[in-house]
Enquirer: 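Shown below is the structure under consideration.
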Amino acid sequence: LVPHAGDWRDAAIYRAGMEFNNPLMVRSTDAHTGSQPARWGLLESSSPRVVISAVKTSRDGRIAVRVYEPEGKAVSGVRLRFAVPVTRVHEANLIEDPGREIPVRDRAFSFDLRPFEIKTFVLETMRGE
């Protein structure tokens with residue numbers, strides 16, 4: 001049980017469930033010099049209402065990213081941006097058969113989600129990056 005104001009959508013209760021089922025694992029170390037920035041992430045979403053549920057190797061060795069809309073409200077113009085160079089993106093079905101190509105610009109691409117919709121994208125990156 002999670003106390004909250006408003007309904008489950010307003011409180012984003014699904015996020016509390018994900019946090020409970022997937023606890024954050026932390027590894028600490030002493031301060032040291034290095035080439036990585038103080039903050040780094042593989043990808044970021046422009047919308048807090050979009051859940052990134054999987055980032056994995058696809059059946060054909062590329063990268064598959066699965067997202068969904070959990071609140072039953074359409075989301076337009078979602079932008080996923082990657083820390084690595086992405087050269088091509090295809091929308092795919094749930095078994096990762098590629099469909100239409102989506103334009104990539106500045107390591108990012110955009111899409112819309114209908115209420116409760118699940119989408120899968122298959123990405124190609126520059127080798128060695």
Side-chain angles (χ1 to χ4, degrees):
L1 296 176
V2 179
H4 60 277
D7 70 9
W8 64 272
R9 290 174 182 96
D10 296 332
I13 293 302
Y14 58 89
R15 290 205 182 272
M18 289 187 308
E19 291 166 0
F20 179 79
N21 288 321
N22 301 290
L24 180 63
M25 295 180 160
V26 177
R27 303 283 190 261
S28 60
T29 184
D30 296 332
H32 56 84
T33 60
S35 61
Q36 295 296 322
R39 180 178 176 204
W40 186 90
L42 177 62
L43 73 135
E44 63 183 49
S45 170
S46 65
S47 174
R49 290 188 29 229
V50 172
V51 175
I52 300 167
S53 63
V55 178
K56 64 184 202 75
T57 303
S58 68
R59 293 182 306 146
D60 60 3
R62 294 182 287 175
I63 297 172
V65 176
R66 186 160 295 126
V67 300
Y68 68 92
E69 191 291 311
E71 298 179 10
K73 301 174 184 176
V75 184
S76 297
V78 178
R79 185 170 187 259
L80 287 186
R81 187 171 194 297
F82 292 79
V84 296
V86 175
T87 55
R88 295 178 76 182
V89 175
H90 285 89
E91 191 168 337
N93 60 22
L94 289 175
I95 58 172
E96 300 166 8
D97 295 326
R100 71 179 179 95
E101 188 167 354
I102 298 174
V104 178
R105 185 167 183 224
D106 297 326
R107 299 182 180 191
F109 65 95
S110 297
F111 58 93
D112 299 330
L113 284 172
R114 296 186 309 265
F116 300 115
E117 184 175 21
I118 301 167
K119 281 196 175 181
T120 302
F121 302 98
V122 176
L123 292 70
E124 294 177 23
T125 61
M126 294 180 69
R127 298 282 181 204
E129 292 292 323

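What you see below is based on every heavy atom in this structure, not just the backbone, and it leaves out hydrogens, waters and symmetry mates.
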Enquirer: If Ile, Leu, Val, Met, Phe, Trp and Tyr residues are connected whenever their side-chain heavy atoms lie under 4.5 Å apart, and connections chain through other members, are I52 and V78 in the same group?
Expert: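 The answer is yes; both residues are in one hydrophobic cluster.
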Enquirer: For residues V75 and S47, report the shortest heavy-atom separation together with the two atoms involved.
Expert: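 Smallest heavy-atom distance, with atoms named: CG1-OG, 3.8 Å.
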Enquirer: Among R49, R9, R15, R114, whose salt bridge (Lys or Arg N to Asp or Glu O under 4.0 Å) with E71 holds?
Expert: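 For E71, the salt bridge (Lys or Arg N to Asp or Glu O under 4.0 Å) check succeeds only for R49.
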Enquirer: Determine whether a donor-acceptor pair (N or O, by modelled atom type, separation under 3.5 Å) exists between the side chain of D97 and the backbone of N93.
Expert: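 Absent.
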Enquirer: Can you sort out the partners of N22 under side-chain hydrogen bond (donor to acceptor under 3.5 Å, both in side chains), two or more places apart, ordered by chain and number?
Expert: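 N22 satisfies side-chain hydrogen bond (donor to acceptor under 3.5 Å, both in side chains) with no other residue.
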Enquirer: Among H90, R66, E91, which residue satisfies the side chain to side chain contact (heavy atoms under 4.5 Å, CB included) criterion with T120?
Expert: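 Single side chain to side chain contact (heavy atoms under 4.5 Å, CB included) partner of T120 among H90, R66, E91: R66.
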Enquirer: I need the minimum non-hydrogen distance between G77 and S46, along with the two atoms involved.
Expert: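 The pair with the smallest heavy-atom distance is O-OG, 3.9 Å.
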Enquirer: Is a donor on one side and an acceptor on the other found under 3.5 Å between the side chain of K119 and the backbone of D112?
Expert: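 Yes, K119 side chain to D112 backbone: donor-acceptor pair under 3.5 Å.
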Enquirer: Tell me, with the steps shown, if E124 and V104 meet side chain to side chain contact (heavy atoms under 4.5 Å, CB included).
Expert: CA-CA 11 Å; E124 294 177 23; V104 178; over 6 Å; no
Enquirer: To check you understand the geometry: which heavy-atom pair defines the closest contact between P115 and E69, and what is its length?
Expert: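 Shortest heavy-atom separation between P115 and E69 comes out as CA-OE1, 3.5 Å.
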Enquirer: Given side chains that start at C-beta, do those of F121 and I102 come closer than 4.5 Å, heavy atoms only?
Expert: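 Contact flag for F121/I102 side chains = yes.
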Enquirer: So which heavy atom on G41 is nearest to which on A83, and how close?
Expert: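 Where G41 meets A83 most closely, the heavy atoms are O-CB, 3.2 Å.
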Enquirer: Step by step, would you call F82 with L123 a side chain to side chain contact (heavy atoms under 4.5 Å, CB included)?
Expert: CA-CA 10 Å; F82 292 79; L123 292 70; 3.2 Å; yes
Enquirer: Are W8 and V2 in one and the same hydrophobic cluster, where Ile, Leu, Val, Met, Phe, Trp and Tyr link if side-chain heavy atoms are under 4.5 Å apart?
Expert: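 Shared cluster, yes.
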Enquirer: Linking I/L/V/M/F/W/Y whenever their side-chain heavy atoms sit closer than 4.5 Å, directly or via other members, would L43 and I118 fall into one cluster?
Expert: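 L43 and I118: separate clusters.
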Enquirer: Using the rule that two of Ile, Leu, Val, Met, Phe, Trp, Tyr join whenever any of their side-chain heavy atoms come within less than 4.5 Å, decide whether V65 and V84 are in one cluster.
Expert: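 Cluster IDs for V65 and V84 match.
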Enquirer: Between E44 and R81 (salt bridge meaning N to carboxylate O under 4.0 Å), is one present in this structure?
Expert: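 Answer for the salt bridge query: no.
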Enquirer: So which heavy atom on S53 is nearest to which on Y68, and how close?
Expert: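 For S53 and Y68, the tightest heavy-atom pair comes out as CB-CE2, 3.7 Å.
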Enquirer: Would you compute the distance between atom OG of S76 and atom CG of L113 and round it to the nearest 0.5 angstrom?
Expert: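 Here the rounded value is 9.0 Å.
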Enquirer: Please name the pair of heavy atoms, one in P85 and one in R107, separated by the smallest distance, quoted to 0.1 Å.
Expert: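 P85 and R107 have their closest heavy atoms at CG-NH2, 3.6 Å.
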Enquirer: Just to verify, which of V50, V51, V67 counts as forming a side chain to side chain contact (heavy atoms under 4.5 Å, CB included) with S45?
Expert: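 Exactly one pass, corresponding to V50.
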